[in-house]
Structure formats: structure tokens, C-alpha cells
There are 2 protein chains.
Amino acid sequence: MPETSNLPLTETTTLILLSLAPGPSHGYAIMKDVHTLSEERVALSTGTLYGALNRLLEQGWIERVDDPQPNSTRRERKAYRLSAVGRSILIEELDRLESLNTIARQRLSPGGYGDTQQP
Amino acid sequence: MPETSNLPLTETTTLILLSLAPGPSHGYAIMKDVHTLSEERVALSTGTLYGALNRLLEQGWIERVDDPQPNSTRRERKAYRLSAVGRSILIEELDRLESLNTIARQRLSPGGYGDTQQP
DNA sequence: ATCATATATGTCGTTGTGCGACACATTGAC
DNA sequence: GTCAATGTGTCGCACAACGACATATATGAT
């Protein structure tokens, strides 16, 4: 195994990978999708987006693909696809999220426990 | 409302707040607790820990408390307690984690959907 | 006695990441 | 003609995590 751990992913990375999960897309579309997908909470700036895309390319978590809409009217667009590695890392991250959440809820709710907050 | 959003928290921050949720503790104990609590995944370095603690103090998410064990043999220890603000932010973060995870699982599994991975 | 390990807190420099600001080009609506 | 939306990109700032280093006491083993 070359890398011991890639986790945790940043929220930006997670959302970009997730946005690419159903199929290939391009920068601007990812930006908008991440916004809806995050319930309007996350608005990626272009600096964040293109920086992250290049990083993900270098890491091999996403790959370049031919523009799916290369018709006459459309101007330049660069499309990306989630790689197999990217997909499995995304799943690892979601597992992390899930287990962290579970453990945390246990700590927070254990009826009749702690709360040593000055008696 | 003074701040629009504090989220997302970093994993480090989340785990520290979570470690303080049941009751006050001090640096070294938090370090060890975070390790078990994260299922041995996260080993905080002291640089991260004390940097984070000071940041959290400044933000008012945690507070200093008297050392609960100031007996003779024990040496200097600084104890911290989760503040009300810190507690509610932790809960917000857990809600974020939960909803992100839910949304993501929907995207990833919706049997018979996407996977436009070269037909 | 001495040595290693655990407990305990802290600083410093490097690196990665997010982000706002800026820049530029095309297309469609008014 | 002009404005918003689409589309890609760069640059510099700030902040967080991290490893390395520094310091000191307590405990258990040899």
C-alpha cells in the first residue's frame, strides 16, 4: 500500500467527488451542482474549484474526458470523470463521516450520563 | 447573528469538542481520548492540540476551569470545559455530517441511475 | 542509583487548502 | 449595445495541521 490514509477529505473535495459520482461533468457545472447538493450552504469560488480540480487530477482521483457536448454553439469546456480510485476514496470518506457521527451521537445523548457542567 | 457560519469544523476541532462533551478535561487526556474515540485513526500532535485549544479558547467555544485533581503529587495541568456555544456548534457540525452523508448515500446508490462511466 | 517511559505543556517552521479578487472570452436576452 | 450567465483560469493571503524540537515531573524496571 503506497498511502496509509487520504482521509479526512475536505468538504470541498468530498462535494466535488460526489458531484462527479453520477457521471462526467465540467468545472462550472460542478460549481453549481455543489451549491444545490450542499443545500445552498457551499458556494465554491473559482479559485477553490480549479485549484481542487488540478489537485485531484494530479492525485489521479479524477480524469479528463472528451467534452460530451462538443457541438457547434458550445465553447470550450473541460470535462472530468471520477476515477475508480476516486470513487473508493469517496466511499471511505463517507464511511468515516458515518462512524464519526454515530460515535458522536452516542457521546452526546447517553441519557443520564456526564454533563459535569457545574452542578 | 454575529457569524453566518462556523462550519465545517475540521476533524481535529470536532474531535476535541466531542472529547470535552461529557465533562472537563485537560490537554494530554484529550489527546489520548481523541485517539480512542476516533478508533485509533487520529493521533493529534502536540502542535495541533495546543494550537487548537488556544484557538478554541479565543473563540469562546471552550473555557478554562480549575484543575479537578490539584492534589499534592500531580503536576501542573490545565483543564478545559465545553462552553454552551461550543456545544451548540458541535451539534450543528454533527447535523452537517449527517445530512451530507445522507445526501451522498442517495447519490451513490440509487440503483439503476447514472454510472455514465463510458457505455 | 539510573534509565526508560508516561504524563504534561508548549514553540516554530513548513505545507496544504480555501478563498476573495482579478482577468478574460463567449452567448443569449432585453 | 449592454448586461447577466456561462466558462476557465491566476495570484496572494490567511489559517489549520503537522512534525520536530524543547522542557519538566512521576513512575516503574533493572
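This one's a predicted model, so the numbers in the text were calculated from it and none came from an experiment. Labels below follow one simple rule: chain letters A, B, ... track the order of the sequence lines, proteins then strands, and each chain is numbered from 1.
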Self-check item: Which atom of A:Y80 lies closest to which atom of A:L53, heavy atoms considered
Solution: CE1-CD1, 3.7 Å

Practice problem: Indicate whether OP1 or OP2 belonging to C:dT9 is found under 4.0 Å from a side-chain N or O atom of B:R77. | Solution: no

Quiz prompt | Closest listed nucleotide, where the reference is the side chain of B:Y50 and the choices are C:dT9, C:dG20, D:dT6 | solution = C:dT9

Practice problem: For residues A:V85 and A:G60, report the shortest heavy-atom separation together with the two atoms involved. | Solution: CB-O, 4.2 Å

Practice problem: In plain terms, say whether B:E93 and B:R96 are close enough for a salt bridge, that is, a side-chain N and a carboxylate O under 4.0 Å apart. | Solution: yes

Quiz item: B:Y28 has a side chain; which of D:dA17, C:dA8, D:dG7 sits nearest to it?
Solution: C:dA8

Self-check item: Whole-Å distance separating the CG atom of A:L15 from the C1' atom of C:dG18
Solution: 13 Å

Quiz item: Atom CG of A:L49 and atom P of C:dG18: how far apart are they, to the nearest Å?
Solution: 11 Å

Quiz item: Under 4.0 Å between a side-chain N/O of A:K32 and OP1 or OP2 of D:dT6, yes or no?
Solution: yes

Quiz prompt | Side-chain H-bond candidate by donor/acceptor type, A:T48 with A:S45, under 3.5 Å | solution = yes

Practice problem: Calculate the interatomic distance between A:Y80 atom OH and D:dG7 atom P; express it in whole Å. | Solution: 13 Å

Quiz item: Starting at CD of B:E11 and ending at C1' of C:dG16, how long is that distance when rounded to a whole Å?
Solution: 16 Å

Quiz item: Quick one: A:D33 CG to D:dT6 C1', roughly how many Å, whole number?
Solution: 16 Å

Self-check item: Whole-Å distance separating the CG atom of B:L9 from the C1' atom of D:dA17
Solution: 15 Å

Quiz prompt | Closest-nucleotide ordering on DNA chain D, the 5'-leading residue of A:N54 and B:T10 | solution = A:N54

Quiz prompt | B:H35 NE2 - C:dA6 C1' separation (whole Å) | solution = 15 Å

Quiz item: So which heavy atom on B:V42 is nearest to which on B:E11, and how close?
Solution: CG2-OE1, 3.7 Å

Exercise. Please determine, for the side chain of A:H26, which listed nucleotide (C:dA6, D:dG7, D:dA17) has the closest atom?
Key: D:dG7

Self-check item: Whole-Å gap separating C1' (C:dT17) and CD1 (A:I16)
Solution: 11 Å

Quiz item: More 5' along DNA chain C: B:G51 or A:T46, using each one's nearest nucleotide?
Solution: B:G51

Exercise. Would you tell me if any nitrogen or oxygen in the side chain of B:T12 comes within less than 4.0 Å of OP1 or OP2 on D:dA17?
Key: yes

Practice problem: Identify whether any heavy atom of B:G27 sits under 4.0 Å from a base atom; if not, whether one sits that close to sugar-phosphate; answer base, sugar-phosphate or nothing. | Solution: sugar-phosphate

